[in-house]
Amino acid sequence: MALTPVEPGMVATIVTHLEMRDRPRPAPVPVAPLRLAPWKTPDLDAYRTLFRRVGTPWLWFSRLVMADSALAAILHDPAVEVYAVTDPCGAAIGLLELDFRSLPDCELSFFGLVPELGGQGMGRWLMAKAKSLAWRKGVTRFWVHTCTLDSPAALPFYIRSGFAPYRREVETFADPRLAGVLPRDAAPHMPLLDTP
């Protein structure tokens, strides 16, 4: 068994791809004091602020470094649906993004709540909403990917939600904390290895 070195300044993660090929049977949506608000043409700064709030602990950075034009092309595409999860006061505390650009597939592009809501069952509510929205357009495959940078609960959660793993890859990329895209103390579960 061989190990592959990861250079200082780089991050390596194992990505697991999962899919759901059958529409789930109707089930009651768990009760939650939250609301799902469609975000038709999100303001890029507001979107990135929410993306950062939800994803910083897991090193989400892809949308933070995209050019405005590239991000707008995705978020404002009519085949991409973006939703803000809001609390009873209307504050945005989560993000759901469904990508229907490759029908009959639907990608669960981004799914998450602010870290303070972890372990409270709100993810089950959000997943019930996501499945309902994904399958309403005659989709034949709903898919998602997660990685070892995500919460340790993410992969088992997706499997319990009905997704089946079908592929695994290793991804390496320059650590966004070193470039100042995310704070140096983000994702403390992933040690920061500065370049020598």
Side-chain angles (χ1 to χ4, degrees), residues 13-24 29 34-86 92-114 122-151 153-155 157-169 171 173 176 181-182:
T13 184
I14 298 171
V15 178
T16 301
H17 299 262
L18 305 100
E19 64 185 0
M20 186 183 299
R21 291 209 170 253
D22 296 311
R23 179 188 298 266
V29 175
L34 307 177
R35 185 172 160 262
L36 202 56
W39 215 352
K40 294 295 184 193
T41 51
D43 172 79
L44 300 186
D45 289 337
Y47 174 89
R48 285 186 176 123
T49 297
L50 181 56
F51 185 90
R52 187 182 297 274
R53 284 191 63 219
V54 171
T56 293
W58 318 116
L59 289 188
W60 288 13
F61 73 96
S62 60
R63 299 292 176 82
L64 303 177
V65 297
M66 284 181 121
D68 285 353
S69 58
L71 183 57
I74 295 169
L75 298 181
H76 300 165
D77 188 306
V80 175
E81 297 182 4
V82 181
Y83 299 86
V85 179
T86 60
I93 54 158
L95 181 64
L96 172 63
E97 190 174 320
L98 300 169
D99 188 339
F100 294 94
R101 291 178 295 175
S102 297
L103 284 173
D105 289 358
C106 173
E107 179 185 2
L108 179 58
S109 300
F110 289 98
F111 175 96
L113 298 164
V114 293
M122 302 303 169
R124 290 191 304 274
W125 171 84
L126 185 55
M127 180 56 74
K129 295 287 192 180
K131 288 192 284 191
S132 173
L133 290 165
W135 286 100
R136 79 187 191 301
K137 292 195 175 201
V139 165
T140 61
R141 178 175 174 259
F142 186 29
W143 71 279
V144 65
H145 67 267
T146 187
C147 70
T148 51
L149 294 175
D150 205 347
S151 164
L155 183 56
F157 172 77
Y158 287 130
I159 293 170
R160 281 193 315 274
S161 297
F163 290 93
Y166 69 91
R167 187 172 77 221
R168 197 174 293 132
E169 300 171 303
E171 179 183 19
F173 53 87
V181 175
L182 293 172

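No hydrogens, no waters, no symmetry mates; every other heavy atom, side chains included, goes into these values. We number each residue from 1, following the sequence as shown. Keep in mind it's a predicted model, so treat the numbers as computed, not measured.
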Just list the side-chain donor-acceptor pairs under 3.5 Å for residues 34-43, sequence neighbours left out, or say none.
{"unit_1": "D43", "atom_1": "OD2", "unit_2": "D45", "atom_2": "N", "d": "3.1"}
{"unit_1": "D43", "atom_1": "OD2", "unit_2": "A46", "atom_2": "N", "d": "2.9"}

Measuring from atom [atom1] of [X] to atom [atom2] of [Y], what distance do you get when rounded to the nearest 0.5 angstrom?
X	Y	atom1	atom2	value
F111	E97	CZ	CD	13.0 Å
R52	Y47	CZ	OH	12.5 Å
R21	Y166	CZ	OH	8.0 Å
L103	T140	CG	OG1	8.5 Å
L44	L71	CG	CG	5.0 Å
S151	L113	OG	CG	11.5 Å

Please confirm whether W60 and F110 have ring centers closer than 6.0 angstrom.
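Yes; F110 has its ring centre under 6.0 Å from that of W60.
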Side-chain contact, heavy-atom cut-off 4.5 Å: [X] with [Y]?
X	Y	result
L108	L98	yes
H145	E169	no
D105	D99	no
Y83	K129	no
R23	V139	no
L96	L133	yes
I74	R101	yes

Applying side-chain hydrogen bond (donor to acceptor under 3.5 Å, both in side chains), can you list everything that pairs with Y158, at least two apart in sequence or on another chain?
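For Y158, no residue satisfies side-chain hydrogen bond (donor to acceptor under 3.5 Å, both in side chains) once neighbours in sequence are set aside.
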Going by side-chain hydrogen bond (donor to acceptor under 3.5 Å, both in side chains), name the residues that satisfy it together with D68, two or more places apart in sequence or in a different chain.
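D68: side-chain hydrogen bond (donor to acceptor under 3.5 Å, both in side chains) contacts with R48.
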Contact summary for F100 and A134, nearest pair of heavy atoms:
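In terms of heavy atoms, the two residues are closest at CE2-O, 3.5 Å.
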For S132 and A128, indicate whether the former's side chain and the latter's backbone hold a donor-acceptor pair under 3.5 Å.
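No, S132 side chain to A128 backbone: no donor-acceptor pair under 3.5 Å.
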Between K131 and S161 (side chain of the first, backbone of the second, donor and acceptor by atom type, cut-off under 3.5 Å), is there such a pair?
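Checked: pair present.
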Stepwise, does the side-chain contact (heavy atoms from CB on, under 4.5 Å) test hold for L95 with V82?
CA-CA 7 Å; L95 181 64; V82 181; 4.0 Å; yes
C147 and W58: side-chain contact (heavy atoms from CB on, under 4.5 Å), yes or no, with the steps?
CA-CA 9 Å; C147 70; W58 318 116; over 6 Å; no
side-chain contact (heavy atoms from CB on, under 4.5 Å) assessment of L155 paired with D150:
CA-CA 8 Å; L155 183 56; D150 205 347; over 6 Å; no
Between T148 and T13, is there a side-chain donor-acceptor contact under 3.5 Å, judged purely by atom types and distance?
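Yes, a side-chain donor-acceptor pair sits under 3.5 Å.
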